[in-house]
Amino acid sequence: DDIDILRRLRNILAHGTGKYNPFDENQRKLVERMIVRYGIKVKDHLHEIPLAIDTTIDPLFNGCREYVQRVEKGGESA
């Protein structure tokens with residue numbers, strides 16, 4: 001799940017404006033997934049992609065690192 005979140009996040013940041021558009025269904029679904037996955041507390045009107053280091057970036061990085069370690073050990077296919 002972390003790898004997919006990272007991939008989708010990269011698409012928004014690298015191929016778009018980098019700003020959150022709540023009217024874009026894909027962006028909205030991604031942010032909703034991030035909120036659930038990382039237990040992010042948000043206000044009623046979210047106007048940006050939640051990228052706080054302690055609540056999002058660190059858990060995302062750790063999840064991706066764990067995935068890579070599992071793939072390297074042959075426990076999962078890439």
Side-chain angles (χ1 to χ4, degrees):
D1 206 29
D2 296 298
I3 295 292
D4 188 58
I5 288 172
L6 180 61
R7 181 182 65 81
R8 293 174 189 281
L9 188 57
R10 181 193 173 280
N11 285 339
I12 293 171
L13 298 175
H15 300 292
T17 64
K19 295 186 179 196
Y20 175 57
N21 177 0
F23 301 107
D24 181 301
E25 184 178 358
N26 291 327
Q27 289 187 28
R28 191 175 62 251
K29 286 182 178 182
L30 173 62
V31 169
E32 289 170 358
R33 277 180 66 195
M34 292 171 67
I35 289 168
V36 171
R37 172 84 174 154
Y38 305 118
I40 299 167
K41 293 181 172 55
V42 295
K43 298 178 183 177
D44 292 337
H45 302 287
L46 183 64
H47 298 290
E48 60 187 31
I49 298 170
L51 294 175
I53 291 172
D54 59 338
T55 57
T56 306
I57 301 300
D58 282 345
L60 177 63
F61 175 81
N62 292 333
C64 291
R65 182 178 55 203
E66 291 168 7
Y67 171 80
V68 169
Q69 289 171 342
R70 285 192 308 270
V71 169
E72 286 177 340
K73 290 180 181 179
E76 214 168 309
S77 61

- Nearest-0.5 Å distance, CG of residue L30 to CG of residue D24: 10.0 Å

- Got a donor-acceptor contact below 3.5 angstrom from the T56 side chain to the P50 backbone? yes

Show me the side-chain donor-acceptor pairs of residues 10-19 shorter than 3.5 Å, one per line, residues at least two apart or across chains.
unit_1 : atom_1 : unit_2 : atom_2 : d
R10    : NH1    : H15    : NE2    : 3.1
T17    : OG1    : K19    : N      : 3.1

- Item | Between CG on residue D1 and CZ on residue R37, distance to nearest 0.5 Å | 5.0 Å

With a cut-off of 3.5 Å and sequence neighbours excluded, list every side-chain donor-acceptor pair involving residues 58-65.
unit_1 : atom_1 : unit_2 : atom_2 : d
N62    : OD1    : R65    : NH2    : 2.8
N62    : ND2    : D58    : O      : 3.2

- Item | side-chain hydrogen bond (donor to acceptor under 3.5 Å, both in side chains) evaluation trace for D2 with Y38 | CA-CA 10 Å; D2 296 298; Y38 305 118; 2.6 Å; yes

- Note on the structure: Here the gap from N21 atom CG to R28 atom CZ, rounded to the nearest 0.5 Å, amounts to 9.0 Å

- Message: Pair I49, M34 - check side chain to side chain contact (heavy atoms under 4.5 Å, CB included), show working.
- Response: CA-CA 9 Å; I49 298 170; M34 292 171 67; 4.1 Å; yes

- Could you check R8 against K29 for side chain to side chain contact (heavy atoms under 4.5 Å, CB included), going step by step and ending with a plain yes or no? CA-CA 10 Å; R8 293 174 189 281; K29 286 182 178 182; over 6 Å; no

- Message: How long is the straight-line distance from OH of Y20 back to CG of L51, given to the nearest 0.5 Å?
- Response: 12.0 Å

